[in-house]
Amino acid sequence: MASAHNPQGAAELAHAGQLLIGSQWQSASDQSVVEAVTNPYTGQTVAEITAAAAEDVEEAVRAAEAGAARWRRTPAHERSGILLRAAELADERVDRIAAILSAENGKTIAEATAECSRSGELIRLATFEGTQLYGETLPLDANPGTGLEKVGFTVRQPVGIVAAITPFNYPSLLVLHKIAPALAAGNAVILKPARTTPLTALALAQCFVDAGLPEGVLSVLTGAGSLIGDLLVSDPRIRKISFTGSTGVGERITQIAGVKKLSLELGASSPTVVLPDADLERAAEAVAKGGYANAGQVCISVQRVVVHRDVHADFVDALAAKVSQLRAGDPSSASTDIGTLITEGEAERVHDSIRDAVSRGARLVTGGDRDGAVVQPAIVDGVRLEDPLSQQELFGPAVAITEASDLDDALAVANGTPYGLAAGVFTGSVSTITKVIREVDAGSVHINWTPLWRADLMPYGGLKASGIGKEGPRAAVAEMTEVKTIVLHG
Ligand code: NAD
């Protein structure tokens with residue numbers, strides 16, 4: 001029986017139970033490994049999928065070899081036509097895919113719909129970038145001894161096969177940030193979506209198949225990351241790994257990848273700095289959004305607020321007034337602000353991390369209780385920089401507050417974790433802003449906003465343990481193509 005928790009058509013639309021191998025739906029070679037995709041709020045099964053075995057991975061790589069050869073010989077305007085049709089289908093299917101996404105992930109239906117509403121435009125942006133594979137001419141005669149008889153230039157070509165490995169927290173957006181630029185640039189793609197959220201990925205892949213993607217070009221392998229991921233990452237026929245997920249898995253990828261291109265979008269503990277000349281009300285409002293969206297399961301979530309001691313008490317009061325208004329609970333209800341964590345186990349981990357910080361001397365201002373996979377939005381004050389709640393990624397609906405004595409102290413605290421994905425600062429001073437721009441070590445720095453902001457077109461990716469490389473369609477197409485230097489000897 002269909003319900004808001006188990007959306008009608010999930011199984012049919014998403015081809016649940018099948019793998020996509022070389023743009024063709026088929027059964028897994030071993031039908032016995034069935035995994036339930038569970039609604040984290042109700043605990044009910046949304047659909048069952050079969051896990052890919054090593055034989056399926058091999059078949060997908062072989063199909064991708066043939067697909068990559070075909071697709072790179074397809075003129076860019078023809079590739080573009082197919083991808084633009086896929087964008088239209090993604091637009092038409094927003095509500096159906098959002099219902100699947102909310103059911104398997106636990107984010108609110110409003111958040112799921114907002115995420116899926118970006119699909120079509122993201123595919124269109126990537127498609128455009130795939131038509132912009134320009135090269136440059138080389139002034140070879142400036143080389144001592146070289147005359148005017150030679151002509152040099154560069155050309156860009158697809159890398160061949162891209163393996164895209166994605167996390168659970170944005171099951172639509174992060175899949176499309178990989179497969180759309182990879183396809184637009186002329187590559188074949190093998191997608192390995194997160195184990196907890198495969199249905200959204202299968203539903204999106206269906207848009208590309210229905211748009212007429214040729215045989216071989218797209219595969220989706222559902223199942224265990226440890227098996228499928230390791231096989232894909234270590235395969236020399238795959239030229240590029242585009243991974244988004246935890247820093248631990250990212251490190252493993254660097255160890256076994258061999259000679260290939262890597263983009264790694266990894267973990268974070270993102271700071272927001274609030275200074276005495278800031279608009280405190282605006283800062284509190286932005287943190288109340290940026291620390292709790294998607295139940296805090298966003299790589300650019302505000303995990304830490306570093307607040308100057310002169311405005312510390314006023315800021316905490318302003319934030320607490322807003323956070324205590326947030327309603328956590330049933331993701332399918334329009335009145336819910338914060339849905340579930342991805343699993344009850346994750347909710348327990350987040351709950352324990354908050355409790356442990358308090359046992360080490362921090363103060364719980366509000367929230368932190370757990371019911372099933374739902375954790376009430378929390379503020380934890382007086383968290384030291386050395387505390388695990390600052391140093392380790394939380395990935396849950398809590399904000400840790402650390403007091404700073406001055407600007408230099410605030411910047412040292414902001415930079416004082418292994419991560420460097422994104423940061424925000426609230427200040428009214430231009431000289432402070434210029435110092436922050438130069439001294440904060442983060443892939444994105446937001447002035448008078450929190451790190452939780454992204455336009456799909458912008459370069460996006462972290463420094464330090466937060467990763468290597470940039471996403472965003474223009475950057476991704478650049479990283480999913482190779483430059484060849486051509487010299488004509490006259
Ligand atoms: P995860 O690392 O557990 O899993 C990510 C993907 O890797 C999944 O598809 C998983 O099946 C796969 N995987 C697991 N083991 C593997 C292996 N040995 N080889 C290859 N792939 C393997 O991450 P998650 O829990 O799904 O997502 C949360 C994490 O993702 C957080 O750390 C978050 O910060 C990060 N993230 C980062 C960004 C960013 O842009 N920097 C964006 C979103 C999420």
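The first residue in the sequence is number 1, and the count goes up from there. Counting convention: from 1, in listed order, for ligands and their atoms alike.
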* **Within 45° cone and under 6.0 Å: Lys107 NZ/CZ vs Tyr170 ring** =>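 That pair qualifies as a cation-pi contact.
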
* **Aromatic Tyr460 / basic Arg454 pairing, under 6.0 angstrom, 45° off normal** => yes

* Structure fact -> Sorted by chain and number, sequence neighbours left out, side chain to side chain donor-acceptor pair (under 3.5 Å) with Arg124 holds for Asp91, Glu121

* To do: I would like to know whether Lys240 and Glu479 meet salt bridge (Lys or Arg N to Asp or Glu O under 4.0 Å); could you show each step before the answer?
  => CA-CA 9 Å; Lys240 162 89 188 170; Glu479 296 199 10; 3.5 Å; yes

* Asked: Which protein residues have a heavy atom under 4.0 Å from ligand 1?
  ->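 Lining ligand 1 at under 4.0 Å, by heavy atoms, one finds Ile165, Thr166, Pro167, Phe168, Asn169, Leu174, Lys192, Pro193, Ala194, Gly225, Ser226, Gly229, Asp230, Phe243, Thr244, Gly245, Ser246, Val249, Arg252, Glu265, Leu266, Gly267, Cys299, Glu393, Phe395, Leu421, Tyr460.
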
* Asked: Of all residues at least two apart in sequence or in a different chain, which pass the ring pair (Phe, Tyr, Trp, His ring centres under 6.0 Å) check with Phe395?
  -> Phe168

* Asked: Does any pair with a residue in residues 27-36 pass salt bridge (Lys or Arg N to Asp or Glu O under 4.0 Å), and if so which ones, sequence neighbours excluded?
  ->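 Every salt bridge (Lys or Arg N to Asp or Glu O under 4.0 Å) pair that includes a residue of residues 27-36, provided the two are not neighbours, is Glu35-Arg195.
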
